[in-house]
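Here, residue 1 is the first one in the sequence, and each next residue gets the next number.
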Amino acid sequence: MNINLVSVFSRCAVFELQNTNCYYAPQPFEVWLDDVHQGSFATNVFSLYNLKPDQVYQLVVQLGQERHSLTFCTRPERVLLDVRQFGADCSQEDATAYLQAAIEACPKGGTVYLPKGIWRTGPLFLHSDMTLYLEKGAVLLGHTDRKRYPILPGMVNEGEQEYDLGTWEGNPLDCYASLITAIHARNLVICGEGVLDGNAAASDWWEDAKVRRGAWRPRTLFLKRCEQVSVVGVTIQNSPSWTVHPHYCIGLDLLDIRVQNPDDSPNTDGIDPESCRQVRILGAVVSVGDDCISIKSGKYYMGQYHPFTSRDVLVQNCLLERGHGAVVIGSETSAGVSGVQIRQCLMRNTDRGLRVKTRRGRGNRSIVEGVVYDNVEMEHVLAPFVINMFYFCDPDGRTRYVSSKEALPVDAMTPQVKSLTVRNIRCTGAHQVAAFFYGLPEQPIGRIEMERVYIQFAPHPTPGLPAMMEDIEPMAGQGIVAVNVKQLILREVKMEGLHAEPFQLQGVEQLVKE
């Protein structure tokens, strides 16, 4: 066992045990900091808080008979600004102005400190070179009146220049500012053991969720064209729509955070990096009403006129529970998605484990490639692996153009799924299908490689539809379904407890079974 210092800040630090276990450590372990016991931990990724800035610490970890240590130094801090110094008080019905005053006054390298208490607020706008630190027990609680939420215009045109701000499901559309919003910020840190609470259940955000009222629903944390942002330790919950939404960002760390929404809340994805690069999601626990983590790159307009491929994304040592999909690509993929690695993750009770969803109309820049699943455990996931190129989203989602199983011309609107690798995977308690891969007849899925994959079905599987597409029947205990795939490579793939045929193949150009 080794210990990796993932990242260090002025008042907290994040560590990762180096092993092959998924999310949980091999056994609980004890942690000391400068000979002061910090407690017992059970997960591979763990964090320590309430550190002093610019100070050298020695960390000691005891796991069984193994004892390891490392020395690290926290970052310096310019100043600590307590929001109460600016007039903020938990008794206030709306503390927005006082909290924003502390943020605006924060100098480069400074920290805005939010102590224990419930702070009722509208959207807050963060800026570059600052830290927002939420003490344990501190809750930023979103206001329930949408009139207190500024609107971010979707697209501002000045001659031939376009400036996009607001966004909704991959298009540049007006949306309400989020509880925490940052635009063009650099070197920003949001950390601590506190809570960002969108308070959607107490508002009307989830009512008529697909109806635009004033503007489209806000997220809880929205990062627009930001660089080098770290979000550490906080719990983010009760979001009006997507919970954490980085948009056109570079250099993003989401470390040891909790994202939770009710399982019946509409479109409350957990973490949605859209047109983002150099993203690390480590130690996150996500349990939501839609996809847990969904990697996107916009719909056709943004993909065509403001293309920015999502790439270099690492999801590691995460616990992903409930939700429609654990780690998802799409369906907004018009600028492409590449270089995605999912490692050492534990997935429980989600509808799907891996989920790739796209459709005609996403455009020929919509290329999904280099997606790798390695060392992942799934428990009671209904359909472990799904690629669906007939996803029936959007107002035209059920038209013949999207749903036709006949080969249509390959043109500027045709997407591609090029390559997927899954290896060292263990799935128990599956229900619908081991794997469901359905490519376009005119643009088959390129290469799928499955190696050392074990899938065990529940004794009495519940029938269901593994993909949101037209003209498929419910499945229960089905093996591998592959339609319109150029190359399907199966090495040491074992399926137990099947209740239907192990293979259903159509339009598979090359099949390798070893």
Is there side-chain contact between [X] and [Y], with at least one heavy-atom pair below 4.5 Å?
| X | Y | value |
| --- | --- | --- |
| Asp291 | Arg355 | yes |
| Val60 | Val31 | no |
| Arg146 | Thr144 | no |
| Val61 | Ser69 | no |
| Asp82 | Pro115 | yes |
| Val286 | Ile271 | yes |
| Val327 | Leu354 | no |
| Thr167 | His245 | yes |

Just checking, is any N or O donor in the side chain of [X] or [Y] under 3.5 Å from an acceptor N or O on the other one?
| X | Y | answer |
| --- | --- | --- |
| Thr71 | Gln58 | no |
| Asn424 | Asp374 | yes |
| Asp197 | Gln237 | yes |
| His380 | Asn349 | no |
| Glu66 | Gln62 | no |
| Glu135 | Tyr113 | yes |
| His127 | Glu104 | no |
| Asn187 | Ser128 | no |
| Glu369 | Ser338 | no |

Find the distance between [atom1] ([X]) and [atom2] ([Y]) and round it off to the nearest 0.5 Å.
| X | Y | atom1 | atom2 | result |
| --- | --- | --- | --- | --- |
| Cys226 | Leu188 | SG | CG | 6.5 Å |
| Leu179 | Leu140 | CG | CG | 5.5 Å |
| Met302 | Asp164 | CE | CG | 4.0 Å |
| Arg219 | Asp272 | CZ | CG | 9.0 Å |
| Leu320 | Met347 | CG | CE | 5.5 Å |
| Asn2 | Glu16 | CG | CD | 11.5 Å |

For [X] and [Y], indicate whether the former's side chain and the latter's backbone hold a donor-acceptor pair under 3.5 Å.
| X | Y | result |
| --- | --- | --- |
| Ser275 | Ser310 | no |
| Thr235 | Val195 | no |
| Asp253 | Leu255 | no |
| Ser297 | Gly336 | yes |
| Asn317 | Tyr23 | yes |
| Asn261 | Ser239 | yes |
| Arg217 | Pro240 | yes |
| Thr74 | Gln55 | yes |
| Gln85 | Gly87 | no |
| Arg423 | Tyr373 | no |

Would you indicate whether [X], at its atom [atom1], is surrounded by more than 12 heavy atoms from other residues, nucleotides or ligands within a distance under 6.0 Å?
| X | atom1 | result |
| --- | --- | --- |
| Arg225 | CZ | yes |
| Gln161 | CD | no |
| Asp35 | CG | no |

Looking at every heavy atom in both [X] and [Y], which two are closest together, and how far apart are they?
| X | Y | value |
| --- | --- | --- |
| Arg362 | Glu332 | NE-CA, 3.9 Å |
| Gly142 | Asn199 | O-ND2, 3.0 Å |
| Cys292 | Arg322 | SG-O, 3.5 Å |
| Phe125 | Pro150 | CE1-CG, 4.3 Å |

Problem - side-chain hydrogen bond (donor to acceptor under 3.5 Å, both in side chains) assessment of Asn19 paired with Asn44 - result: CA-CA 8 Å; Asn19 56 51; Asn44 285 332; 2.9 Å; yes
Practice task
Could you check Thr121 against Thr96 for side-chain hydrogen bond (donor to acceptor under 3.5 Å, both in side chains), going step by step and ending with a plain yes or no?
Solution key: CA-CA 5 Å; Thr121 181; Thr96 307; 3.3 Å; yes
Exercise for the section: Walk me through it: do Asp204 and Arg213 pass the test side-chain contact (heavy atoms from CB on, under 4.5 Å)? Expected result: CA-CA 10 Å; Asp204 63 354; Arg213 287 179 287 167; 3.5 Å; yes
Exercise for the section: Please lay out, stage by stage, how Phe72 and Leu51 fare under the test side-chain contact (heavy atoms from CB on, under 4.5 Å). Expected result: CA-CA 12 Å; Phe72 67 96; Leu51 307 180; 4.1 Å; yes
Practice task
Could you please spell out the steps behind the side-chain hydrogen bond (donor to acceptor under 3.5 Å, both in side chains) verdict for Ser366 and Thr333?
Solution key: CA-CA 5 Å; Ser366 177; Thr333 57; 2.7 Å; yes
Between [X] and [Y], is the ring centre distance below 6.0 Å?
| X | Y | value |
| --- | --- | --- |
| Tyr98 | Trp119 | no |
| Tyr133 | Phe9 | no |
| Trp32 | Tyr57 | no |

Practice task
Step by step, work out the side-chain contact (heavy atoms from CB on, under 4.5 Å) result for Val14 and Val232.
Solution key: CA-CA 8 Å; Val14 184; Val232 182; 3.4 Å; yes
Exercise for the section: Salt-bridge test for Glu169 and Lys210: reply yes if a basic N is under 4.0 Å from a carboxylate O, no otherwise. Expected result: yes
Handout entry: Lys/Arg N to Asp/Glu carboxylate O, Arg348 vs Glu379, below 4.0 Å
Key =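 Glu379 and Arg348: salt-bridged.
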Practice task
Assess whether ring pair (Phe, Tyr, Trp, His ring centres under 6.0 Å) is satisfied between Trp168 and Tyr176, documenting all intermediate values.
Solution key: CA-CA 10 Å; Trp168 179 254; Tyr176 288 105; over 10 Å; no
Practice task
Establish, yes or no, whether the cationic atom of Arg277 lies under 6.0 Å from the six-membered ring centre of Phe308 and within 45° of the ring axis.
Solution key: yes
Handout entry: Audit row: Leu48, Leu33, side-chain contact (heavy atoms from CB on, under 4.5 Å) steps and yes/no
Key = CA-CA 9 Å; Leu48 298 177; Leu33 200 61; 4.0 Å; yes
Handout entry: Stepwise side-chain hydrogen bond (donor to acceptor under 3.5 Å, both in side chains) test for Asp269 and Thr243
Key = CA-CA 6 Å; Asp269 291 14; Thr243 310; over 6 Å; no
